[in-house]
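The chains referred to below are lettered A, B, ... by the order of the sequence lines, with proteins before strands, and numbering in each begins at 1. It should be emphasised that the depicted structure is a prediction, and the values quoted were computed from it without experimental measurement.
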Amino acid sequence: MTVRRVSEILRQGQPDEAVQIQGWVRTKRESKGFAFVEVNDGSSMAGLQVVLHQELPNYSETLRRLSTGASVEVSGQLVASQGKGQRIELKAEAVTIFGEADSETYPLQKKRHSFEFLRSQGHLRARTNTFGAVFRVRNACATAIHQFFQERGFLWVHAPIITASDCEGAGEMFAVTSLDLKRVPLTESQAVDYSQDFFGRPAFLTVSGQLEAEIMAMAFTNVYTFGPTFRAENSNTSRHLAEFWMVEPEMAFCDLEGDMDLAEAFLKYVFSYVLTHCAEDMEFFNARIDDSVLSTAQNIIDNEFQRITYTEAIDLLEKADRTFEYPVSWGLDLQSEHERYLAEELFKRPTIVTHYPTQIKAFYMRVDDDEKTVRAMDVLAPKIGEIIGGSQREERLDVLERRIQQQGLDPAVYWWYLDLRRYGTVPHAGFGLGFERLVQFMTGMGNIRDVIPFPRSPLSAEF
RNA sequence: UCCUCAGUAGCUCAGUGGUAGAGCGAUCGACUGUUAAUCGAUUGGUCACUGGUUCGAAUCCAGUCUGGGGAGCCA
């Protein structure tokens, strides 16, 4: 007999069908002469209710071993459920226990656990309702992202994980080395002699695949990266990870408007996909985690994003009928409280802020004609803050060289990046999206460590 | 890195100087349809660590470690 997935049986199973399932016991409820065991195989939020009657061979022995967490294979016949709460259930005829889970020591109990505790049980937390839903939604988000770009003819680019250039200076990088840290070779001037290291030069884990994506966009027109990135910042917040996944589309022959249009269409697509493919999980988040999750998702799908310039944002913040902890003034970057005020309180929907002051943005952003601002855009999401950051890129060689020098960077390091402007340059634009922040936004989960299977953060790399 | 709160039973917490507590879980028992099952009983402790104050410290003080929330940095 073929083993069937629980989700499929719950959807399509009919009474009198003989079926076999495999999974893990979530709960067991015993009565005199029979017992109910809920078996979950991760395919859906709901498990299949298995009914064991005392006529079953080794009934009491089997029942004793079937505690929460045990792995099991059950075959039997589907029957219409007499009880409320499920359409069908499985009347067990044969039960095989692969592995018991000692109920005295199994960490997951038949009760709610705090997310803090479950983080310490990273090897088991995927077996809980919440994390099951999170990782199914995460998977659906990833699928939707690929589908969105593939439908539009974007090429998926595999950006390197190891890089030799600190390209955009986006924070601290993790060093990659094969040198013996106990006996690091030194040059005559007592600096580390990287010529003896694996790559013959300093190497790091990537902080962004954007510059590599630009290379590929200059050949394939529309591309995107989707992969892990790393930041060695000592950030201890609910929105930062040392290892996280990033999505970075890059489009040749595209300006800031086209970039914004893509970002908006992208978010609408992903939210719509997840609502239809993970309806049960999304209902769960709405009921148990954040009761605004469904309405927020619908809001994003149905309404146009608010678009304002940085200058307009400053004006609105100065007029705001409330006081901010940090000053609001043209030329200063927006603080978290400012971003949240705009997206959460004022507009109550995703808000795109554009044309930031030149001096607070990266060197590769296209300088506007008045030189005061650049063609940058941030998509601010309620509760999460900046979820997307993007820009039209500077395609003019002379301007780019000047900007690199102004920011105290060495143009020689960027020789290949400058070559792209030297040979066949085109206006182009792209953005970066923090994948975990998208999943956070989607699910309402408060801490980013709870939307990635194995979170990496300062002092934390267990599992 | 800064601010702030916390660390007591397997989990969630109460306990503000004088014999260590509750709920849940787990275990055992009862129950012929449960679904956070219900009812009864039982079980459960290096009070984060180190040092100090005191006749006496979970409680007061100092330091350290770990975690939560917020901020900065950013995605």
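Salt bridge absent: A:K348 and A:E344 never bring a charged side-chain N and a carboxylate O closer than 4.0 Å. A salt bridge links A:E345 with A:R322: at least one charged nitrogen is closer than 4.0 Å to a carboxylate oxygen. The existence of a salt bridge linking A:D378 and A:K361 is confirmed by a sub-4.0 Å separation between a basic side-chain nitrogen and an acidic carboxylate oxygen.
The side chain of A:N236 has B:A71 as its nearest neighbour among B:A71, B:G33, B:G69. For A:H113, counting side-chain heavy atoms from C-beta on, the closest listed nucleotide (B:G69, B:U34, B:C11) is B:C11. The listed nucleotides are B:U1, B:C73, B:U12; the one nearest the side chain of A:R239 is B:C73.
Nucleotides B:G29 and B:U34 have their P atoms positioned 22 Å apart, rounded to a whole Å. B:A48 and B:G10 have their P atoms separated by 13 Å, with the value rounded to a whole Å. Here, B:C11 and B:G44 have their C1' atoms 13 Å apart, quoted to the whole Å. Rounded to the nearest Å, the gap between the P atom of B:A6 and that of B:C39 is 35 Å. A distance of about 12 Å separates the C1' atoms of B:U59 and B:A20, rounded to the whole Å. Spacing of P atoms, B:C5 relative to B:A62, comes out at 13 Å, to the nearest Å.
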**OP:** Kindly determine whether A:E280 and A:R136 satisfy salt bridge (Lys or Arg N to Asp or Glu O under 4.0 Å), including the steps that lead there.
**Re:** CA-CA 10 Å; A:E280 188 187 24; A:R136 277 187 298 271; over 6 Å; no
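The base of B:G7 does not come close enough to the side chain of A:E116 for any donor and acceptor atom to sit less than 3.5 Å apart.
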All N/O contacts under 3.5 Å from nucleotides 25-28 of chain B to the protein, with atom names and distances to one decimal?
residue: B:A26; atom: O3'; partner: A:S103; partner atom: OG; Å: 3.1
residue: B:A26; atom: O2'; partner: A:E104; partner atom: OE1; Å: 3.0
residue: B:U27; atom: OP1; partner: A:S103; partner atom: OG; Å: 2.5

Restricting both atoms to N or O, compile the protein contacts to nucleotides 30-32 of chain B shorter than 3.5 Å, with distance only.
residue: B:C31; atom: OP2; partner: A:K32; partner atom: NZ; Å: 3.1

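Proximity of residues 74-82 of chain A to RNA chain B (heavy atom under 4.0 angstrom from any strand atom) is restricted to A:S81, A:Q82.
The residue A:R26 sits apart from the nucleic acid: no heavy atom pair falls under 4.0 Å. Within the 4.0 angstrom heavy-atom criterion, base atoms lie near A:E89.
A:Y310 and A:Y356 have tilted rings, their planes meeting at an angle from 30° to 60° on a 0 to 90° scale.
Residue A:Q49 contributes atom CD, which lies 7 Å from atom C1' of B:U34 at whole-angstrom precision.
Pairing of B:C39, defined by two Watson-Crick or G-U wobble distances under 3.5 Å, is identified with B:G29.
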